[in-house]
Structure formats: structure tokens, C-alpha cells
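Reviewing the structure listed below.
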Amino acid sequence: MAEEVASGRIVETEAYIVGDAAGHAYRGMTPRNRSLFLERGHAYVYLVYGSAYMLNVSSEIAGTGAGVLIKALEPRDGIPIMQRNRQIERLGDLARGPGRLTAALRIDRRLDGVDLCQEGALWLGCGDDNPGEIGQSIRIGIVRDANRLLRFYLRGSPFVSGPRSLRV
DNA sequence: AAGAAGATTCGCT
DNA sequence: GCGAATCTTCTTA
């Protein structure tokens, strides 16, 4: 069977930095969040609200505990695969949202802890596109430390999630 | 052992 | 725009 590859350009992220009360690593390591404490570039995958997997990239040296949440993708390769995984057609909704993109790429806890800098089941590639203009805003959907400007997105992209006021 | 909260999504109004 | 769904993980008793 042919190898199936699906990919997209990351157009929206949120940072959960050291000392951030909203970060899962804030109160120390637990069985769930241990991947956040891996050397930067490793995947931390977890389930929220019983239905949505979140993909994070650890961002500090080993033992620190911080990461970046990947919130939206502009679909690129393997679009039919993603449409099948999501059971929808519309390109604009395929990977717009953290839980949606993990569903499109079929990411779950089995990928927790993998090295994203190495080609494998899941990895990060090098962008060859013009990055475009990056917007910045408060993070969405959290309560603690809600006012920090740690959400970053590709300005004007239709593949960015969140309220309209936070997409410009 | 039980309870509460949660980095969301979807469907309906 | 709003509210329910859904279930895992961590905290507290």
C-alpha cells in the first residue's frame, strides 16, 4: 500500500511559556504532560473536552516544560486524505482549529512524545513560502493568564480560527 | 473514590 | 451567537 502523506502550512499558534499559569507544565510534570518537558521539537498531544486532540511542540531545553500549540493549518498535500478523515469537503474548515487539524491528520496520543525534527509518522518540514505578515493577539479559550499576547497568526488568512476580531 | 475543570466542536436559533 | 456534548486527568477527601 502506498504511503499516505498529508500536510499543511501552520498559520496559527499559541505559546505556553515558562511560568505561564495557563500552561500545562505550570504545576509540574504529570503522566499526561511529560512530553512538554522533552527537548524542544517534540510532540505533546492530549485530549480536551473528550473529543479534541491538541498538538503542541515542546519549546525549551529538556526538563523545562513549555510548548507551542498548533492551532490551524492551511491544507497543502493529501487534501483528499484530510477530507476523508474529517468527513467534510470544504477546504476552509479542514484544519481551521486545533482539534480539527489533529482530526484531519489523524493525530492522537500515539504520537505523543515523537521527535518532530525527524521524518516519521509526524514531523515538521521547512517552509518554502513567504511567511507573510504575522499578527498577534490574546489567546483563545483559556481563563488563567488570559491577557497575554501569545497567539500568533498569519494575517488575513482564511484558514485561521477564532473570532473575526482576532483574525485581522 | 468521587468530583470538577478543561488550550473545543458542532448544531441549532 | 449560545449551549450541550463528552471523557480524561488531576485534585481533594
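Below, chains carry the letters A, B, ... as their sequence lines are ordered, and counting in each starts from 1. What's counted below: heavy atoms across the whole structure, side chains too, no hydrogens, waters or symmetry copies.
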For DNA chain C, which nucleotides open and close the run of contacts to chain A, 5' to 3', at under 4.0 angstrom from a non-hydrogen atom?
C:dT6 to C:dC10

When you compare the side chain of A:R167 with that of A:P158, does any pair of heavy atoms fall below 4.5 Å?
yes

A:V45 versus A:L122: any side-chain heavy-atom pair under 4.5 Å?
no

Pairs flagged by salt bridge (Lys or Arg N to Asp or Glu O under 4.0 Å) wherever residues 66-80 of chain A is involved - sequence neighbours left out
A:R9-A:E74, A:E14-A:K71, A:R76-A:D128, A:R76-A:D129

Return each pair, listed once, that meets salt bridge (Lys or Arg N to Asp or Glu O under 4.0 Å) where at least one residue sits in residues 136-150 of chain A; pairs must be two or more places apart or across chains.
A:D20-A:R139, A:D20-A:R148, A:D145-A:R148

Is there a path of hydrophobic side-chain contacts, each under 4.5 Å between heavy atoms, that joins A:V68 and A:Y153?
no

Dot-bracket for DNA chain B, 5' to 3', with Watson-Crick and G-U pairs under 3.5 Å, [ ] for crossing pairs and | for other-strand pairs: what is it?
||||||.|||||.

Nucleic acid contacts - residues 24-47 of chain A versus DNA chain B, non-hydrogen atoms under 4.0 Å:
A:H24, A:Y46

Using heavy atoms and a sub-4.0 Å distance, could you list which residues of residues 59-68 of chain A are near DNA chain B? By number, please.
none

Taking side-chain hydrogen bond (donor to acceptor under 3.5 Å, both in side chains) as the test, write out the residues that go with [X], two or more places apart.
X      : value
A:R34  : none
A:R109 : A:D112
A:E133 : A:R155

Roughly how far, to the nearest 0.5 Å, is [atom2] of [Y] from [atom1] of [X]?
X      : Y      : atom1 : atom2 : result
A:I138 : A:L166 : CD1   : CG    : 5.5 Å
A:I107 : A:L55  : CD1   : CG    : 4.5 Å
A:Q83  : A:D93  : CD    : CG    : 11.5 Å

For nucleotides 8-13 of chain B, give me one character per nucleotide, 5' to 3': B if any protein heavy atom sits under 4.0 Å from the base, S if the only such contacts are to the sugar-phosphate, - if neither.
BSS---

Answer yes or no: does atom CZ of A:R84 have more than 12 heavy-atom neighbours from other residues, nucleotides or ligands under 6.0 Å?
yes

Which residue is it: A:D115, A:I70, A:L116? I am looking for the one with a side chain to side chain contact (heavy atoms under 4.5 Å, CB included) to A:L124.
A:L116

Got a sec, which pairs hit side-chain hydrogen bond (donor to acceptor under 3.5 Å, both in side chains) with one end in residues 38-65 of chain A, sequence neighbours left out?
A:H24-A:Y44

Using links of under 4.5 Å between side-chain heavy atoms of ILVMFWY residues, direct or through other members, which residues join A:I134 in one cluster?
A:F152

